[in-house]
Amino acid sequence: MRTGRNMLIVASLSLAASVAGCGGSDGPADQAVSAPPGPPAVSGTSRPPTASAESPSTARPTAVPDAGTPAGPVTGTSTTGAGGTGPTCASTGLTVSLEDVQGAAGHVYARIVLRNTGPGACGLVGYPGVSVVDAGGGQIGAAADRGGPAGAPVTLPPGGSTGATLAITQVGLLPGCEEAGQAVRGANLRVYPPDNRASLLAALPAGVETCRDPAVHQLTVGAFGQP
């Protein structure tokens, strides 16, 4: 009797365990939890661009701004003169002279003449830079102001020449240059041809009394290509 009762108890426990195991699969702890759906895709909306990292060997170089052209007369090295007149006349291929000097009504007038001594034609346009210098090359007073309209481009064949008019106001007619000791006699004119930084010297036949004070503007020069 005891043996039969023990076997009945064991059978009852096994059955209970089987039922418990089957019922556990339906519990909430074993159910899969799915993530909530994301927001719907918006049509026509693009993703922000992704920056690409370029290696130094493949990166495109950054353009460097031009430093620009220095002000003032420059060496005549351009391949074409203004107005298509051919190579720009360089100072090394020119000579300068002061011609047709004459005085009238408190002024001295003269023509600054540039002559092409090079083997080929060259071009000039614009105004020369002009100042009076002493025998040692030191500038006296102010450089010449520009006067009159800009001239037309001029082509100089070998041996050809062109001139610009220079006007010099006589001392005594300008404030700051009317008393003794305020002027000195200049020896030469220093002339910069257009688009050049190298200058030429033209002798002043009788010298010119020139105001020492650079605030006194005594000289005026016209452009080449004017009558």
Side-chain angles (χ1 to χ4, degrees), residues 66-103 107-169 184-210 214 217-227:
D66 190 356
T69 305
V74 296
T75 305
T77 56
S78 60
T79 57
T80 303
T85 57
T88 300
C89 294
S91 297
T92 52
L94 297 170
T95 60
V96 64
S97 59
L98 197 64
E99 302 179 6
D100 301 329
V101 181
Q102 51 187 299
H107 291 78
V108 174
Y109 294 94
R111 293 282 285 177
I112 298 173
V113 177
L114 294 178
R115 189 176 304 277
N116 181 12
T117 59
C122 62
L124 287 174
V125 63
Y127 303 81
V130 181
S131 58
V132 177
V133 297
D134 57 27
Q139 180 173 323
I140 305 171
D145 296 326
R146 294 176 175 183
V154 178
T155 299
L156 298 182
S161 63
T162 185
T165 300
L166 175 68
I168 306 173
T169 303
V184 64
R185 187 172 295 276
N188 297 291
L189 283 182
R190 175 179 286 133
V191 178
Y192 289 92
D195 299 321
N196 278 265
R197 273 190 177 163
S199 63
L200 304 169
L201 291 179
L204 293 170
V208 172
E209 289 293 321
T210 307
H217 291 247
Q218 185 182 4
L219 312 178
T220 303
V221 66
F224 291 107
Q226 291 295 319

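Heads up: numbering here begins at 1 and tracks the sequence. Because the structure is a prediction, the values reported are computed rather than measured.
Taken from CG in Asp134 to CZ in Arg185, the straight-line distance is 13.5 Å, to the nearest 0.5 Å. Rounded to the nearest 0.5 Å, atoms CZ (Arg146) and OG1 (Thr220) are 12.5 Å apart. Interatomic distance, Asn188 CG to Ile140 CD1, rounded to the nearest 0.5 Å: 9.5 Å. Considering CG of Asp100 and OH of Tyr109, their distance stands at 14.0 Å, rounded to 0.5 Å. Taken from CG in Leu201 to OG1 in Thr95, the straight-line distance is 12.5 Å, to the nearest 0.5 Å. Of the inter-residue distances, the one linking Leu219 atom CG with Asp145 atom CG reads 8.0 Å to the nearest 0.5 angstrom.
Put simply, the side chain of Gln226 never gets that close to the backbone of Ala164: no donor and acceptor are under 3.5 Å apart. Using modelled atom types, one side-chain atom of Thr210 and one backbone atom of Val208 make a donor-acceptor pair closer than 3.5 Å. Checking side-chain atoms of Asn116 against main-chain N and O of Gly160 turns up no donor-acceptor pair under 3.5 Å. Proximity of a side-chain donor or acceptor of Thr88 to a complementary backbone N or O of Gly123 within less than 3.5 Å is not detected.
Pairing each heavy atom of Pro193 with each of Ala198, the nearest pair is CD-O, 3.7 Å. Nearest approach of Pro119 to Pro158, heavy atoms of both residues: O-CG, 3.5 Å. Taking each heavy atom of Gln139 and Val133 in turn, the nearest pair found is CA-CG1, 3.9 Å. Shortest non-hydrogen contact noted between Tyr127 and Gly148 is OH-O, 2.7 Å. Annotation for Val125 and Gly151: closest pair CG2-O, 3.8 Å, computed over non-hydrogen atoms. Closest non-hydrogen pair, Ala142 versus Pro214, comes out as CB-O, 3.2 Å.
When side chains are defined from C-beta on, Ser97 does not count as touching Arg115, because their heavy atoms never get closer than 4.5 Å. The closest side-chain heavy-atom distance from Leu114 to Cys89 is not below 4.5 Å. With a 4.5 Å cut-off on side-chain heavy atoms, Val132 and Leu189 count as touching. Residues Thr162 and Val113 form no side-chain contact, since every pair of their non-hydrogen atoms from C-beta on lies 4.5 Å or further apart.
The closest side-chain donor-acceptor pair between Thr165 and Arg111 falls under 3.5 angstrom. Checking Ser91 against Asn196 by side-chain atom types alone, a donor-acceptor pair falls below 3.5 Å.
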